[in-house]
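Every heavy atom of this structure was used, including side-chain atoms; hydrogens, water molecules and symmetry mates were not. In the text below, chain A, chain B and the rest are named by the order of the sequence lines, each starting its count at 1.
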2 protein chains.
Amino acid sequence: MKSKAHRKIPPNLQCGLDLVGEVLYGKWKIRLLWFINQGHKRPSELHKKIPDASRRVLTMQLNELLDHELITKTVFPEVPPRVEYELTPFGQTLIPVIRAIGEWGDEHEARLRGLIEHPNRYEDV
Amino acid sequence: MKSKAHRKIPPNLQCGLDLVGEVLYGKWKIRLLWFINQGHKRPSELHKKIPDASRRVLTMQLNELLDHELITKTVFPEVPPRVEYELTPFGQTLIPVIRAIGEWGDEHEARLRGLIEHPNRYEDV
DNA sequence: TCCCTATGGGATAAATTTCTCCCATATTGT
DNA sequence: ACAATATGGGAGAAATTTATCCCATAGGGA
């Protein structure tokens, strides 16, 4: 439980960008969708792909993706439990968009690395 | 000042998506870039377009966009001051990506609104 | 003289997100 | 008997983001 239901500051949802923000704004969501699409379905696999995030947050963000019907969750009745997430058809429609984002990052990798590691607002380049 | 320089938890920057996250992750950044591209250059105009954000955050996020060389800032020596932001050529390369995001949101507007307003993880639809 | 203008940023509080630690599950292997 | 397994989630602390309030600027108008 505890999606983003009881926020004291409610969001405004005017344009498409606002709406996307609601379902995609979350530090790891885009990467989760991406890796799930690549076939990394299990929580443990996803955690290996995104080691910077704690298991807890990943679980929570996966739950939000579930809420928003971007992924499905299958729990196999085994012990220890096995869980698999998959993209819904709706979630799949996001893949081209995410691919575009990732490609932009790849194209500008060197520059981005430089900017992130040496931010300088007051100097020319 | 005070970009994201002194974070206690440093980010990992492996793939393109990680890099994009660093420069685009911020509640209003994408919308700021979008509206600047649409010709809304002044801080006050941008605030009108994004009334949910406080003036303070917008300024801060604009500063980060400056740090990352996605926009430029021109201060006209007038009183009261006039300021204009514009996309750099680098920032312009992001516009097609942002457009793709926004279009996805527009295409699925109705569904997204429903999901956001009535999240139900445990019920079928 | 005082207020209005548009903008930036300091200080501090509030809200939100994330981290860390810990417990629970049921079966297989030591 | 007990550890190990993969997963989920509660609780409270820590980190980060955002909101609020307030001050400063310098010229024009009431």
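Within the 4.0 angstrom heavy-atom criterion, only backbone atoms of the sugar-phosphate kind lie near A:Pro43; the bases stay farther away. Within the 4.0 angstrom heavy-atom criterion, base atoms lie near B:Ser54.
Phosphate contact (OP1/OP2 of D:dG8, side-chain N/O of A:Tyr85, threshold under 4.0 Å): present. In this model, the phosphate group of C:dG8 is approached by a side-chain N or O of B:Lys73 to a distance below 4.0 Å at OP1 or OP2. One finds a side-chain N or O of A:Arg42 lying less than 4.0 angstrom from the OP1 or OP2 phosphate oxygen of D:dT7. Regarding contacts with the backbone of C:dT7, every side-chain N or O of B:Thr59 stays at 4.0 angstrom or more from both OP1 and OP2. In this model, the phosphate group of D:dT17 is not approached by any side-chain N or O of A:Tyr25 to a distance below 4.0 Å at OP1 or OP2. For C:dT17, neither phosphate oxygen OP1 nor OP2 lies less than 4.0 angstrom from any side-chain nitrogen or oxygen of A:Gln61.
The residue among A:Arg56 and A:Val83 whose nearest nucleotide of DNA chain D lies closer to the 5′ end is A:Val83. When each of A:Trp28 and A:Val79 is assigned the nucleotide of DNA chain C with its nearest heavy atom, A:Trp28 is the one assigned upstream, toward the 5' end.
In this entry the distance linking CD of B:Glu22 with P of D:dT16 reads 12 Å, nearest Å. Between A:Leu62 atom CG and C:dT17 atom C1' the separation is 16 Å, expressed in whole Å. Rounded to an integer number of Å, the gap from B:Glu78 CD to D:dG27 C1' is 12 Å. If you take CD of B:Glu64 and C1' of C:dG9, they are 14 Å apart, rounded to a whole angstrom. Separating the CG atom of B:Asn63 from the C1' atom of C:dG9 is a distance of 9 Å, rounded to the nearest angstrom. What separates CZ of B:Phe76 from P of C:dG8 is a distance of 13 Å, to the nearest Å. The distance from atom CE of A:Met60 to atom C1' of D:dA11 is 12 Å, rounded to the nearest whole Å. Rounded to a whole Å, the CZ atom of B:Arg55 is 14 Å from the C1' atom of D:dT18.
Side-chain atoms of A:Asp18 and B:Arg31, non-hydrogen and from C-beta on, do get closer than 4.5 Å to each other. Looking at B:Trp34 and B:Ile101, their side chains never come closer than 4.5 Å, going by heavy atoms from C-beta outward.
A continuous path of ILVMFWY side-chain contacts below 4.5 Å connects B:Ile71 to B:Val75, so both sit in one hydrophobic cluster.
When atom types are taken as modelled, the side chain of B:Gln61 and the backbone of B:Lys29 share a donor-acceptor pair closer than 3.5 angstrom.
Distance check, rounded to the nearest 0.5 Å: CG of B:Leu17 to CD of A:Glu103 gives 10.0 Å.
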